[in-house]
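Worth saying up front: this structure is predicted, and the values here are computed from it rather than measured. Heavy-atom basis, side chains included; hydrogens, waters and symmetry copies ignored. Note that the numbering runs from 1 along the sequence shown for the chain.
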Amino acid sequence: MRSPRRIRRTALAALSAGVLLAVAGCAEGGDRTAKGTTGTAEAKDVLLQPLASPGPGPFTASTARAPASPAPSATPDSAPPSATRTVHRVSGAAPGLYSGSRSVAACDVERQTRLLADDKDKGRAFAEASDIEAVQIPGYLKSLTPVVLSVDTQVTNHGYGGASATAFQAVLQAGTAVLVDGRGMPRVRCACGNPLKPAGTADGKAAHRGERWPGYDPARVAAVDPGPRAATSLIIADTDDNTWIQRTVGDSGGRDRTPDDPPPFEPDAELLFPSPGRPTESAPPEPTPSDPSAPREPTDPGPGEPSDDSGDPPPGDPWEFEEGVPDVAPEPTQVLPAEPDEPAAPDEEPMEAGLGDGFTG
């Protein structure tokens with residue numbers, strides 16, 4: 001049995017691999033423009049969406065139950081925000097990716113259902129963007145789990161306009177209430193009722209537009225990948241006392257309990273984003289030659305820095321953003337190296353999302 005420290009190092013290695021993400025439209029095909037016509041979504045803008053802002057084209061009024069005092073995004077106090085954009089792939093089953101208060105739902109699912117049922121046009125557009133039929137909306141929403149994002153997270157968001165859903169890339173602030181499915185994927189943003197899909201991917205640079213919140217760092221943004229299998233529960237962090245909560249999928253908190261086998265680290269551990277400038281695991285020192293005059297092996301400088309001239313200038317805004325927001329220069333992206341993966345243990349069939357399937361390489 002591996003020690004908790006060994007498990008923690010493996011988790012850090014798996015989650016420290018950053019991948020380039022920028023807007024190239026919905027990852028699953030074309031999107032629609034603001035007028036409802038089919039488009040290719042070649043824009044490379046990423047809209048920053050603070051947790052209380054509904055953003056462009058909200059589907060419904062907010063159904064989020066806002067926390068009493070939302071905390072700013074966590075950034076190490078010793079390091080300034082990075083100028084290099086890095087998006088870290090994180091499994092939707094990772095413990096601590098989501099948080100909440102015990103026995104308290106982050107969103108009012110029943111009200112969300114009623115609001116979409118009261119507007120047939122928006123209901124049809126929501127269903128189309130969610131790849132379901134309109135009659136399936138009530139059951140679909142009840143199958144999702146209300147939680148809160150623990151970290152700033154990039155998604156493919158959708159605004160409503162011209163009787164259809166328009167896809168755009170967005171970074172949602174930590175503390176945003178969302179509904180997630182059984183594999184930990186964000187599916188609805190509760191502040192606006194907008195359907196969500198996985199973040200789009202593309203090469204090049206991304207220009208972040210919108211209001212930057214305290215603690216925002218473009219090098220500390222997550223993009224969620226589906227968990228390895230559909231789970232019956234999620235392990236989330238309790239924001240009230242920094243403990244673990246096991247929340248049943250599709251439940252609003254009434255069946256919350258303490259996990260029988262909690263993760264071997266605290267919810268506030270720096271697992272999702274290792275501190276900048278600090279390796280995830282110290283390398284053993286090289287042996288010192290017995291003869292001081294003996295030549296030493298040349299040091300491998302490592303891979304070169306990615307080119308900053310591969311991206312095209314961002315095109316015009318797909319939405320009418322708020323006036324007075326200054327243009328943001330495109331930020332170069334970076335791919336962080338990952339530690340070698342350890343041999344995987346034989347797969348088991350857990351009934352809940354635990355540590356074993358919480359992290360993906």
Side-chain angles (χ1 to χ4, degrees), residues 22-64 107-144 146 153-172 176-181 185-202 209-211 314-323 325:
V23 172
C26 182
E28 301 173 5
D31 70 346
R32 296 181 182 273
T33 65
K35 295 184 179 180
T37 57
T38 301
T40 56
E42 296 177 352
K44 294 182 179 180
D45 290 348
V46 179
L47 179 62
L48 301 180
Q49 294 196 270
L51 61 91
S53 171
F59 272 71
T60 67
S62 176
T63 61
C107 310
D108 188 337
V109 177
E110 292 185 0
R111 182 166 183 256
Q112 186 69 65
T113 303
R114 291 195 303 270
L115 290 173
L116 289 173
D118 291 342
D119 192 318
K120 301 300 182 183
D121 290 338
K122 288 185 176 180
R124 282 191 295 267
F126 178 94
E128 181 180 357
S130 302
D131 299 322
I132 60 174
E133 299 295 329
V135 295
Q136 297 176 307
I137 291 177
Y140 172 70
L141 292 177
K142 289 180 180 179
S143 73
L144 304 178
T153 304
Q154 181 169 332
V155 297
T156 297
N157 203 340
H158 295 78
Y160 179 79
S164 64
T166 301
F168 63 97
Q169 293 301 296
V171 173
L172 306 181
T176 297
V178 293
L179 299 176
V180 302
D181 64 17
M185 296 300 298
R187 294 302 181 187
V188 181
R189 181 172 182 243
C190 302
C192 52
N194 292 4
L196 305 176
K197 283 188 174 181
T201 60
R209 301 184 183 278
E211 179 185 352
D317 296 336
W319 292 92
E320 292 294 333
F321 297 124
E322 294 82 2
E323 294 185 2
V325 177

Student: With a 4.5 Å heavy-atom cut-off, do Leu116 and Leu141 have their side chains touching?
Tutor: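 Yes. Closest side-chain heavy atoms under 4.5 Å.
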
Student: With sequence neighbours excluded, what pairs up with Cys192 under the disulfide bond (SG atoms under 2.5 Å apart) test?
Tutor: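 Testing Cys192 for disulfide bond (SG atoms under 2.5 Å apart), a comparison that skips the adjacent residues, returns none.
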
Student: Would the number of heavy atoms belonging to other residues, nucleotides or ligands and lying under 6.0 Å from CD of Glu110 be above 12?
Tutor: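 Open.
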
Student: If every non-hydrogen atom of Ala64 is compared with every non-hydrogen atom of Ala177, which pair is closest and at what distance?
Tutor: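 Between these two residues, the closest heavy atoms are CB-CB, 3.9 Å.
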
Student: Do Thr156 and Gln169 have side-chain heavy atoms sitting under 4.5 Å apart?
Tutor: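 Thr156 reaches Gln169 side chain to side chain.
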
Student: Could you grab the distance from atom CZ of Arg124 to atom CD1 of Ile137, nearest 0.5 Å is fine?
Tutor: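 Going from CZ on Arg124 over to CD1 on Ile137, the span is 10.0 Å.
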
Student: For the atom pair CG (Asp181) and CZ (Arg187), what is the distance rounded to the nearest 0.5 Å?
Tutor: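 The CZ atom of Arg187 is 4.5 Å from CG of Asp181, to the nearest 0.5 Å.
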
Student: In terms of side-chain heavy atoms, does Gln112 have a donor or acceptor partner in Thr60 at a distance below 3.5 Å?
Tutor: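 Per modelled atom types, Gln112 and Thr60 side chains form a pair under 3.5 Å.
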
Student: Give the minimum heavy-atom separation between Asn194 and His158, together with the two atoms involved.
Tutor: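 The answer is ND2-O, 2.7 Å.
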
Student: Less than 4.5 Å apart, side chain to side chain, heavy atoms only: is that true for Phe126 and Leu115?
Tutor: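 The answer is no; the side chains never approach within 4.5 Å.
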
Student: Please tell me if the side chains of Gln49 and Pro56 come closer than 4.5 Å, counting only heavy atoms from C-beta onward.
Tutor: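 Yes, side chains in contact.
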
Student: Could you report the tightest heavy-atom contact between Arg189 and Pro54, atom names first, then the distance?
Tutor: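 Nearest pair, atom of Arg189 first, then Pro54: NH1-O, 3.3 Å.
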
Student: Does the side chain of Leu179 reach to within under 4.5 Å of the side chain of Val109, using non-hydrogen atoms?
Tutor: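 In short, these two side chains touch, coming nearer than 4.5 Å.
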
Student: Do Val46 and Arg209 pass the side-chain contact (heavy atoms from CB on, under 4.5 Å) test, and can you show the C-alpha distance, the side-chain angles, and the key distance before you say yes or no?
Tutor: CA-CA 6 Å; Val46 179; Arg209 301 184 183 278; over 6 Å; no

Student: Is there side-chain contact between Val171 and Thr153, with at least one heavy-atom pair below 4.5 Å?
Tutor: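 In short, these two side chains do not touch, never coming nearer than 4.5 Å.
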
Student: Check whether any side-chain heavy atom of Leu47 lies under 4.5 Å from a side-chain heavy atom of Asn157, and answer yes or no.
Tutor: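 Result no, sub-4.5 Å side-chain heavy-atom pair not found.
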
Student: Any idea which heavy atoms bring Pro195 and Ala129 closest together, and the distance?
Tutor: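 Shortest heavy-atom separation between Pro195 and Ala129 comes out as CG-CB, 3.6 Å.
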
Student: What's the shortest heavy-atom distance between Phe168 and Gly159, and which atoms?
Tutor: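 Closest pair (atom of Phe168, atom of Gly159, distance): CE2-N, 3.5 Å.
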
Student: Indicate yes or no: at least one non-hydrogen side-chain atom of Asp121 is less than 4.5 angstrom from one of Tyr160.
Tutor: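 Heavy-atom side-chain distance check passes, below 4.5 Å.
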
